[in-house]
Amino acid sequence: MSMKNILITGAGGALGKACVMEFIKKGHHVIALLSPGKKLPYETPAPVSVYNADLMNEDNTLKVVDQIITDHTSIDVALLLVGGFAMGSLDNTDGAMIKKMIGLNFDTTYYTGSKVFNQMITQPNGGRIVMVGAKPALEPIAATSKVAYALSKSLIFKLAEIFNEIGKDNNVVSTVIVPSIINTEDNRKAMPKADTAAWVQPEEIAAIVAFATSDQGATLREPIIKIYGKS
């Protein structure tokens, strides 16, 4: 197995950390893209290349990803994990909240993803892009209490379809992972009475992502991977 360059946005979060550790364990080189002024909030067993960008700022994002490509020549796998969440039913969701959720969930994915995608189609081996969808974007009953969130995440699935259509002749494959509630410290604090036994561990998601983007997982070509745990 050859070492690959793995770009991870949101590497400072719980899922990001699990993915960073998983790909280091597999012998790959991790490139972490963090918010301005941020450092990785944990130790890693191997060096990680850290870059900072405001992923909601298109010009800044494109400039930083350009620098990453200059420094590392190729991006073999990109995990676009940055996002945000908000509750809100139809009667209390205004345009500002929809714009906020689209900014956090779609714009951050599109600005990074489109630049990475255009790089990958020039690479001899193509590449793999993983984006994060959401159950409410697939199931209307779950969307009724999370309207802005569901709408913003629904755009991720369409983006993956577009990427896959354009990238099919260049071995660039985009996958959307759809986790249910992830067992993180933040989620446990937000829902102290919830039954966490049904939740998905970040490490479980990271292992699935690592396989799906590996040479062995290339035969999957699944555009959507649902990781619902026991929920």
Side-chain angles (χ1 to χ4, degrees), residues 8-19 33-35 38 53-58 61 79-114 129-164 174-206 208-209 222-231:
I8 303 179
T9 73
L15 178 56
K17 178 182 178 181
C19 288
L33 193 45
L34 302 174
S35 301
K38 293 287 180 70
D54 175 2
L55 297 186
M56 290 178 71
N57 180 309
E58 186 172 17
T61 301
L79 313 183
L80 309 180
L81 308 181
V82 164
F85 175 77
M87 297 291 292
S89 59
L90 198 60
D91 60 354
N92 63 8
T93 296
D94 59 10
M97 179 54 74
I98 291 172
K99 287 184 176 71
K100 181 181 178 183
M101 282 291 100
I102 288 175
L104 282 168
N105 291 314
F106 180 72
D107 292 355
T108 58
T109 301
Y110 183 78
Y111 298 156
T112 310
S114 59
I129 296 175
V130 176
M131 298 177 271
V132 183
K135 212 172 179 179
L138 296 175
E139 300 177 7
I141 192 167
T144 58
S145 61
K146 309 170 188 74
V147 173
Y149 177 70
L151 289 171
S152 68
K153 285 293 191 180
S154 68
L155 290 169
I156 299 295
F157 295 96
K158 183 55 68 177
L159 182 60
E161 288 176 5
I162 294 168
F163 280 171
N164 281 327
S174 296
T175 301
V176 182
I177 57 167
V178 188
S180 62
I181 301 173
I182 304 173
N183 195 341
T184 66
E185 186 178 348
D186 287 347
N187 285 339
R188 289 192 298 273
K189 283 180 181 175
M191 294 169 270
K193 295 179 182 176
D195 176 14
T196 58
W199 294 4
V200 185
Q201 298 293 337
E203 292 77 13
E204 293 174 320
I205 298 171
I208 291 168
V209 168
E222 276 294 326
I224 299 172
I225 300 176
K226 298 175 183 177
I227 311 171
Y228 288 175
K230 297 178 182 136
S231 62

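The analysis underlying the following values was restricted to heavy atoms, covering all of them including side chains, and did not include hydrogens, waters or symmetry mates. For the single chain, residues carry numbers from 1 onward in sequence order.
- Counted within 6.0 Å of NZ on Lys146, heavy atoms from surrounding residues, nucleotides or ligands total more than 12; the atom is thus considered enclosed.
- The closest donor-acceptor contact from the side chain of Lys135 to the backbone of Lys226 lies at 3.5 Å or more, if one exists at all.
- When all heavy atoms of Leu55 and Thr61 are compared, the pair lying nearest together is CA-OG1, 3.3 Å.
- Residue Pro202 comes nearest to Thr184 through the heavy atom pair CG-CG2, 4.3 Å, listed as atom of the first residue, atom of the second, then distance.
- Ion pairing of Lys158 with Glu161 is present here, as a side-chain N (NZ or NE/NH1/NH2) and a carboxylate O approach within less than 4.0 Å.
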Exercise. For Leu151 and Met101, what are the C-alpha separation, side-chain angles and deciding distance, and is it a side-chain contact (heavy atoms from CB on, under 4.5 Å)?
Worked result: CA-CA 8 Å; Leu151 289 171; Met101 282 291 100; over 6 Å; no
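- The distance from atom OG of Ser154 to atom CZ of Phe106, rounded to the nearest 0.5 Å, is 9.5 Å.
- In this structure, the side chains of Val176 and Ile225 stay at 4.5 Å or more apart for every pair of heavy atoms.
- Two residues are said to be in side-chain contact when any heavy atoms from C-beta on lie closer than 4.5 Å; Leu81 and Ile8 meet this criterion.
- Among all heavy-atom pairs drawn from Leu34 and Gly12, the shortest one is CD2-N, 3.6 Å.
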Side-chain atoms of residues 82-89: list all donor-acceptor pairs with protein atoms under 3.5 Å, sequence neighbours left out, distances to 0.1 Å.
| from | atom 1 | to | atom 2 | distance (Å) |
| --- | --- | --- | --- | --- |
| Ser89 | OG | Asp91 | OD1 | 2.5 |
| Ser89 | OG | Asn92 | OD1 | 3.3 |

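- Between Asn187 and Ile182, the closest heavy-atom pair is ND2-O, 2.7 Å.
- Under a 3.5 Å cut-off, the side chain of Thr112 and the backbone N or O of Thr109 do not form any donor-acceptor pair.
- A donor-acceptor contact shorter than 3.5 Å links the side chain of Glu204 to the backbone of Gln201.
- Across Phe157 and Ala134, no two heavy atoms sit closer than the pair CZ-N, 3.9 Å.
- Panel note: side chain Asp107, backbone Met56; no donor-acceptor pair is recorded below 3.5 Å.
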Problem set entry | Residue pair Leu80, Val130: steps toward the side-chain contact (heavy atoms from CB on, under 4.5 Å) verdict | CA-CA 6 Å; Leu80 309 180; Val130 176; over 6 Å; no
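- Atom OG1 of Thr9 is separated from atom OH of Tyr111 by 14.5 Å, given to the nearest 0.5 angstrom.
- For the pair Ser180 (side chain) and Tyr228 (backbone), a donor-acceptor distance under 3.5 Å is present.
- Rounded to the nearest 0.5 Å, atoms CD1 (Ile227) and CD1 (Ile177) are 5.0 Å apart.
- Between Thr175 and Ile224 the shortest side-chain heavy-atom distance does not fall below 4.5 Å.
- Shown here for Asn105 and Ser152, the closest heavy-atom pair between the two residues is ND2-OG, 3.1 Å.
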